[in-house]
There are 2 protein chains.
Amino acid sequence: MAKPMTDLMDTPAGHQHPLFPLPPGRTLDICTELHSAILEHRLAPGTKLSEDEVGEIYGASRTVVRAALQALAHSGMVAIEKNRGAFVAKPTVREAHEVFQARALIEPAVARMAAEAMTIEHLAQLKAHLDAEHAALHDGDMGKALALSGNFHTVIAEIADQQVLTQMVRSLISRSSLIIALYWKRADTACESHSHHALLKAFEERNGRAAEDLQKSHIIDLHSGLNLKQQPEATPSLAEALTRRG
Amino acid sequence: MAKPMTDLMDTPAGHQHPLFPLPPGRTLDICTELHSAILEHRLAPGTKLSEDEVGEIYGASRTVVRAALQALAHSGMVAIEKNRGAFVAKPTVREAHEVFQARALIEPAVARMAAEAMTIEHLAQLKAHLDAEHAALHDGDMGKALALSGNFHTVIAEIADQQVLTQMVRSLISRSSLIIALYWKRADTACESHSHHALLKAFEERNGRAAEDLQKSHIIDLHSGLNLKQQPEATPSLAEALTRRG
DNA sequence: TGAACAATTATTGTATACGATTTTAAATTG
DNA sequence: CAATTTAAAATCGTATACAATAATTGTTCA
């Protein structure tokens, strides 16, 4: 099944990062760093990302920080407002619905493709992922566990060997992390683990149809675990002030 | 059916362009301009986009041009290579397949949603679109006709009132334009018109299922109209040299 | 006391300058 | 004459400086 098409990217710009269309450099480093921080819920939605501040933290000039922030804006993780600056994005209720509707459309199909392309190495990779997630949960590192949980979905897309869809899934997962930070109502974050293990079982059996159905149910379940009846915060300015100078 | 949810974007950064997450300004202007030029096949894939050159054309500094080029890179229309500069993207055969696979997955579902949300005004909008396309074709303005043909798909996504999916469709359509520029083998570009008219009929009948099926067939047909057996050009350097100093 | 207004501060938008890298072309040599 | 080396030119990566805009603070007046 594994065709000799080993090179993933034979475009002239084949050296750039899969997550951001940027050449290697400090710009990409800052992107990756901020991206991880957001995925691990170390940066709350609405947090101001001052160019000077970020630049001082990472020892970079405003020029490169600006490029990083704009890159994150294109991924939907950062909102840039004219003459006001960049903020960690705060998805609306509507966007939350749309993101999970899109996931329910795309990810089941991707899971089916992944099941058909699954190799022993891929299965081991997914198992390691679940183990790492379990370990993080055991250590009480909720942020890391959540980031790994989201990354599980991205890895599935990578296994499906569909770069275009992988990029879409990545963006949707990242935004889902912000949505969960704002709207998650359940206390049990470990419930995901069950779905992921079930998915793994379908993958082991190379059962594309089962993987598709499980993934669809899983995403609908995640969607239903959100409290999307109200705005995220009644007093956003106050909360922002508190989170600002924690 | 038309709910009172009139505001499309109630996020704090609600003033930015739907196509690029950029605040209004010259950066967005240059983005829009280059984007149109690429969609109308006035800029060929592989064309070098020198920062100085573009900046001189639009009377802007390199700073703003860079931001525009990076924005286009995030949409997949431009490839940036380290220390070499920006080029109009040249999708590979693999990417061409993936883009149309993604379209075949997403756009039929979007068409179904659009059919369910269709109003009289939307139908008039779509009709006007087809008329404009027909007029452009009659005037021999192939580039404009092609851009309008692609835009037809985007408008459907807008009617479906799904911003997240609309952004994805937009990106896929833009890349499709580049793919068609490189790999299209049929001479009859007007054949699309038939499919679009058939879609319009399904929309008029508010037949979601029919719209979904028609859209899927249409995209598969477009995919099959590509010559994806070979690399786009045997002597790319020559062609690039010609387009460079036209 | 509270609201409206004005001056200050801080932050972003843009332009320009300098260093690093690549490309191109000329010059040299076998 | 062709291939290689070397030097020049062009282009990009980054930093910094200045201008424009928004936020803040302090003041004044009702």
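We name chains A, B, ... by the order of the sequence lines, and we start the count at 1 in each one.
- Summarising the geometry, the separation between CG on A/Leu49 and P on C/dA10 is reported as 20 Å, rounded to the nearest angstrom.
- Side chains of A/Phe20 and A/Thr27 form no contact here, defined as non-hydrogen atoms less than 4.5 Å apart.
- Between the side chains of A/Thr119 and A/His122, at least one donor N or O lies within less than 3.5 Å of an accepting N or O.
- In this model, a side-chain donor or acceptor of A/Arg62 finds a partner on the base of C/dG13 within 3.5 Å.
- The residue A/Arg26 sits close only to the backbone: its heavy atoms come under 4.0 Å of sugar-phosphate atoms, none of a base.
- Contact check, A/Thr63 against D/dT14: no side-chain N or O comes under 4.0 Å of OP1 or OP2.
- Rounded to an integer number of Å, the gap from CZ of B/Arg66 to P of C/dA17 is 17 Å.
- Across the protein-nucleic acid pair, B/Glu81 atom CD and D/dT11 atom P stand 16 Å apart, rounded to whole Å.
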### Query
Checking salt bridge (Lys or Arg N to Asp or Glu O under 4.0 Å) for the pair B/Arg170/B/Glu158: CA distance, chi angles, key distance, verdict?
CA-CA 10 Å; B/Arg170 242 194 277 260; B/Glu158 284 169 355; 3.2 Å; yes

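- Between B/Lys48 and D/dA10, a side-chain N or O to OP1/OP2 separation shorter than 4.0 Å is absent.
- Between B/His74 and A/His74, the ring-plane angle classifies as parallel under the 30° and 60° cut-offs.
- Taking atom CG on A/Asn83 and atom P on D/dA22, their separation rounds to 5 Å, with Å as the unit.
- A straight line from CD of B/Glu53 to C1' of D/dT11 spans 12 Å, rounded to a whole angstrom.
- Toward the 5′ end of DNA chain D lies the nearest nucleotide of A/Thr27, the other residue of the pair A/Thr27 and A/Arg84 mapping further downstream.
- Following rounding to the nearest Å, B/Tyr58 (OH) and C/dT14 (C1') show an atom-to-atom distance of 19 Å.
- Atom-to-atom, NZ of B/Lys82 to P of D/dT14 comes out at 6 Å; the value is rounded to the nearest Å.
- Straight-line distance from the CG atom of A/Asp52 to the P atom of C/dG13: 12 Å, rounded to whole Å.
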